[in-house]
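Data block below; observations after.
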There are 2 protein chains.
Amino acid sequence: MTGQRSPADLEAEILAALSHPNRIRILEYLRKDVRCNCELAPALDLEQSNLSRHLKILVQAGILVSWKEGLRVNFRVTDERVFKLVDLALAVAKHGIEERAGVLEQA
Amino acid sequence: MTGQRSPADLEAEILAALSHPNRIRILEYLRKDVRCNCELAPALDLEQSNLSRHLKILVQAGILVSWKEGLRVNFRVTDERVFKLVDLALAVAKHGIEERAGVLEQA
DNA sequence: ACACTCTATGAGTATACGCTCATACACTCA
DNA sequence: TGAGTGTATGAGCGTATACTCATAGAGTGT
């Protein structure tokens, strides 16, 4: 069932998990520190249940791991390379904007 | 309208455009060469209209550029870094699989 | 046991996405 | 001009996603 996924499928799963602004903002918040759900909600101005579902998506994709500490649930990035990935996405996005703005448009 | 997008929004747009297996397969096919729509369809076994829409998404995201050459439309990647991005996604995916498989689970 | 706090989830809704069929559009060549 | 080829798009369908409200679950302290 889960073992017959092609590289394209695996890549798409990771990228889909990252393809929402709020989930990227969550990652940004986790760039330096381990964080618990409770401090993410106010910082990102997200409904608690909404945040919980976004976090679940990131955990299920293997991008985050979570562990309980009393009432709280803490989160940590499993692979620092996701930050490089997100940074590359921004670079590619900016490149595309510049191209469309005509910076490189001399035929 | 389009100028008020945060970095997270920009990143999410690129990642969303890449978050489908068929679009990743399209990119893989473009990794070395410029390709036209007509040869992508049979190679990837996609319905023509379906492929056309996937290509449109990639173009609108600024990941591909297209130009006409007679009847055909050719496509080229605008920024080679998307390949690094996709490669990173695979690395992160495999890392997550290994972690879940218990390779790194000694507490 | 109880109240209290933090997190997860069921239910419902609105919107977005992916796909297909049919058809319109663009271009070439006779 | 008309036939032929390659691409784009409208319409329709089924599914997936994002969000919210309400509530259940899990852990703490009294």
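Proteins come first, then strands; the chains are lettered A, B, ... in the order of their sequence lines, and each starts at number 1.
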Rounded interatomic separation in angstrom, taking [atom1] from [X] and [atom2] from [N]:
| X | N | atom1 | atom2 | value |
| --- | --- | --- | --- | --- |
| A:W67 | D:dG27 | CH2 | P | 17 Å |
| B:D9 | D:dA18 | CG | C1' | 15 Å |
| A:I24 | D:dA18 | CD1 | P | 12 Å |
| B:L51 | D:dT9 | CG | P | 13 Å |
| B:D45 | C:dG18 | CG | P | 18 Å |
| A:E47 | D:dA18 | CD | C1' | 12 Å |
| B:L40 | D:dA8 | CG | P | 11 Å |
| A:E13 | D:dA16 | CD | P | 14 Å |

Selected nucleotide, minimal atom distance to B:N22 side chain, candidates D:dG6, C:dC19, D:dC19: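 Selected nucleotide: C:dC19.
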Which nucleotide sits closest to the side chain of B:V73: C:dT7, D:dT20, D:dA8?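 Shortest atom-to-atom distance from the side chain points to D:dA8.
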OP1 or OP2 of [N] under 4.0 Å from side-chain N/O of [X]:
| X | N | result |
| --- | --- | --- |
| A:H54 | D:dC19 | yes |
| B:H20 | D:dA16 | no |
| A:N50 | D:dC21 | no |
| B:K68 | D:dG6 | no |
| B:R72 | C:dT28 | no |

Is B:R72 atom CZ crowded by more than 12 heavy atoms from other residues, nucleotides or ligands, each under 6.0 Å away?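 No, because the 6.0 Å sphere around CZ of B:R72 holds 12 heavy atoms or fewer from other groups.
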Would you kindly check whether a donor in the side chain of A:S49 faces an acceptor in the base of D:dC21, or vice versa, at under 3.5 angstrom?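 Donor-acceptor pair under 3.5 Å: yes.
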So for B:R53 and C:dT20, does any side-chain atom that can act as donor or acceptor lie under 3.5 Å from a complementary atom in the base?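 It does, because a donor-acceptor pair links the side chain of B:R53 to the base of C:dT20 below 3.5 Å.
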First encountered from the 5' end of DNA chain C, between B:Q48 and B:I57: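 Counting from the 5' end, the first nearest nucleotide belongs to B:I57.
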Starting at the 5' end of DNA chain C and moving along, which residue's nearest nucleotide shows up first, B:L71 or A:L55?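 The residue mapped nearer the 5' terminus is A:L55.
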When all nucleic acid strands are considered with a 4.0 Å heavy-atom cut-off, which category describes A:L46: base, sugar-phosphate, or nothing?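 No contact at all - A:L46 keeps every heavy atom at 4.0 Å or more from the nucleic acid.
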If we ignore hydrogens and angles and just use 3.5 Å, is the side chain of A:R76 paired with the main-chain N or O of A:L64 as donor and acceptor?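 Not a single qualifying donor-acceptor pair exists.
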Charged N to carboxylate O below 4.0 Å: is that the case for B:R31 and B:D87?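 Salt bridge flag = yes for B:D87 with B:R31.
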Following the transitive rule for hydrophobic clusters with a side-chain heavy-atom cut-off under 4.5 Å over Ile, Leu, Val, Met, Phe, Trp and Tyr, establish whether B:L88 and B:L10 coincide in one cluster.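 No, it is not one cluster - the side chains of B:L88 and B:L10 are not joined through contacts under 4.5 Å.
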Please evaluate residues B:N50 and B:R53 with respect to the criterion side-chain hydrogen bond (donor to acceptor under 3.5 Å, both in side chains), reporting the C-alpha separation (whole Å), side-chain torsions for both, the decisive distance (0.1 Å), and the verdict. CA-CA 5 Å; B:N50 190 14; B:R53 290 181 209 275; over 6 Å; no
